[in-house]
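Any value given below was found using the heavy atoms of this structure, including those in side chains, with hydrogens, waters and symmetry copies removed. Both ligands and their constituent atoms are indexed starting at 1 by order of listing.
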Amino acid sequence: TRTPVNVTVTGAAGQIGYALLFRIASGHLLGPDVPVNLRLLEITPALKAAEGTAMELDDCAFPLLRGIEITDDANVAFDGANVALLVGARPRTKGMERGDLLSANGGIFKPQGKAINDNAADDIKVLVVGNPANTNALIAQASAPDVPAERFTAMTRLDHNRAISQLAKKTGAAVSDIKRLTIWGNHSATQYPDIFHAEIAGKNAAEVVADEQWLADAFIPTVAKRGAAIIEARGASSAASAANAAIDHVHTWVNGTAEGDWTSMGIPSDGSYGVPEGLISSFPVTVKDGKYSIVQDLDINEFSRKRIDASVKELTEERDAVRELGLI
Ligand code: NAI
């Protein structure tokens with residue numbers, strides 16, 4: 001029998017946590033034959049709620065769930081962690097400036113990065129979901145000098161999935177026929193969903209759509225502002241779809257991309273496509289044997305170039321701001 005994989009989830013008592021934990025425990029994160037130990041990290045006032053969720057996890061009698069530990073101590077939560085899903089973050093509240101938001105999140109992701117550095121397993125893989133995800137990932141990474149930098153990733157898979165779904169609706173294609181879609185840049189309103197290299201049932205997606213105005217005025221803003229539209233409709237932010245995307249991100253990172261397809265992940269740039277080295281930016285990636293690589297040599301047209309550059313500029317500004325705050 002396989003040794004259980006230790007999966008740490010922060011913000012476990014929150015909305016995304018509630019939609020995420022049951023799917024991890026039922027085998028959707030890693031695979032149907034991989035047992036897991038769950039480690040739930042919460043702030044002290046939310047421990048009781050996390051215990052309630054753990055009671056429900058028990059009550060599912062998941063065959064793959066070998067243990068649940070609940071703690072408010074990051075050193076305990078990340079002890080021996082193989083996978084870490086950093087979901088808990090400080091949301092932007094009314095009147096909060098960007099600097100306030102970044103420093104509040106620095107107060108969370110800096111100590112968590114250090115706890116990962118000091119306690120996690122050698123094969124640790126980190127996914128940051130909590131916003132601003134790319135920059136929070138950069139902060140955690142900077143506090144974990146002993147962990148290879150490429151193990152820190154940020155989630156743009158929800159944007160990727162949203163874009164596939166919108167494209168399927170527009171063209172009448174099945175979701176499963178759409179391949180090679182890319183989200184570039186920051187997980188924010190500046191992100192750029194790129195269909196110029198995407199395929200719909202083997203045909204170039206941009207040629208199938210043949211409507212640049214729809215791209216610019218409908219598709220891109222719909223994908224970029226989907227989070228706000230969900231809040232407006234549901235009265236609460238996207239949780240189940242965010243949890244689903246976190247599952248997809250880690251599942252792909254561990255189990256690989258399908259032949260002929262790729263996915264989108266926020267990862268440390270190696271300088272590809274003019275994205276400054278070290279920025280955690282979304283790229284088209286393929287994954288094999290648990291390692292991702294940026295898809296190289298794609299032609300970037302002018303339409304795409306200016307949008308990628310705008311998102312990367314925002315990431316650079318966020319990095320400069322956390323540098324000034326001494327967080328990295
Ligand atoms: P939530 O507010 O329901 O839950 C957050 C939880 O984190 C709370 O239970 C809170 O107690 C906990 N928490 C706060 N500080 C913590 C700390 N230092 N250590 C451990 N836990 C801590 O929020 P929700 O809806 O679950 O969303 C979580 C985050 O995910 C937000 O930042 C949200 O913006 C982000 N998000 C990111 C998406 C993406 O595509 N990257 C998509 C949707 C949401």
Side-chain angles (χ1 to χ4, degrees), residues 8-21 39-54 69-78 81 84-93 96 101-116 126-140 143 152-163 183 185-191 193 223-231 234-250 263-267 280-282 315:
T8 304
V9 178
T10 76
Q15 297 302 313
I16 295 176
Y18 194 72
L20 181 62
L21 294 169
R39 305 275 173 71
L40 314 186
L41 180 67
E42 259 297 349
I43 52 172
T44 317
L47 285 176
K48 189 156 178 230
E51 272 155 27
T53 305
E69 198 166 345
I70 302 163
T71 179
D72 57 4
D73 180 343
N75 288 317
V76 174
F78 294 114
L85 300 166
L86 309 189
V87 179
R90 176 72 163 78
R92 191 192 284 260
T93 41
M96 210 177 187
L101 180 75
L102 294 173
S103 49
N105 278 294
I108 296 174
F109 288 88
K110 212 175 152 168
Q112 288 183 1
K114 179 161 191 340
I116 289 169
V126 181
L127 168 62
V128 177
V129 175
N131 282 319
N134 301 56
T135 297
N136 286 342
L138 197 65
I139 294 169
S143 302
F152 285 85
T153 66
M155 188 165 96
T156 54
R157 186 64 171 263
L158 179 54
D159 312 302
H160 180 96
N161 289 344
R162 285 167 170 167
I183 303 293
N186 199 2
H187 168 68
S188 76
T190 68
Q191 64 171 275
V223 173
K225 295 180 192 157
R226 186 73 165 177
I230 303 275
I231 293 175
R234 217 172 77 86
S237 66
S238 39
S241 55
N244 178 68
I247 296 274
D248 284 352
H249 177 115
V250 174
T263 190
S264 306
M265 289 169 76
I267 56 168
I280 297 192
S281 183
S282 189
L315 280 173

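For the pairing with Thr44, the side-chain hydrogen bond (donor to acceptor under 3.5 Å, both in side chains) check across Thr71, Asp73, Asp72 returns one residue only, Asp72. Of the candidates Asp159, Thr135, Thr156, His187 forms a side-chain hydrogen bond (donor to acceptor under 3.5 Å, both in side chains) with just one, namely Asp159. Put simply, the residue from Val87, Thr10, Leu47, Ile70 that forms a side-chain contact (heavy atoms from CB on, under 4.5 Å) with Leu41 is Thr10.
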Practice problem: For the pair Asn186 and Gln191, evaluate side chain to side chain donor-acceptor pair (under 3.5 Å) and give the outcome as yes or no after the intermediate values. | Solution: CA-CA 5 Å; Asn186 199 2; Gln191 64 171 275; over 6 Å; no
Exercise. Check step by step if side-chain contact (heavy atoms from CB on, under 4.5 Å) holds for Ile267 and Ser281.
Key: CA-CA 6 Å; Ile267 56 168; Ser281 183; over 6 Å; no
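A side-chain hydrogen bond (donor to acceptor under 3.5 Å, both in side chains) check over residues 106-115, counting only residues at least two apart or in different chains, returns the pairs Lys114-Asp118.
Each of Gly11, Ala13, Gly14, Gln15, Ile16, Leu41, Glu42, Ile43, Ala46, Val87, Gly88, Ala89, Ile108, Gln112, Val129, Gly130, Asn131, Met155, Leu158, His187, Ser237, Ser238, Ala242 has a non-hydrogen atom positioned under 4.0 Å from some atom of ligand 1.
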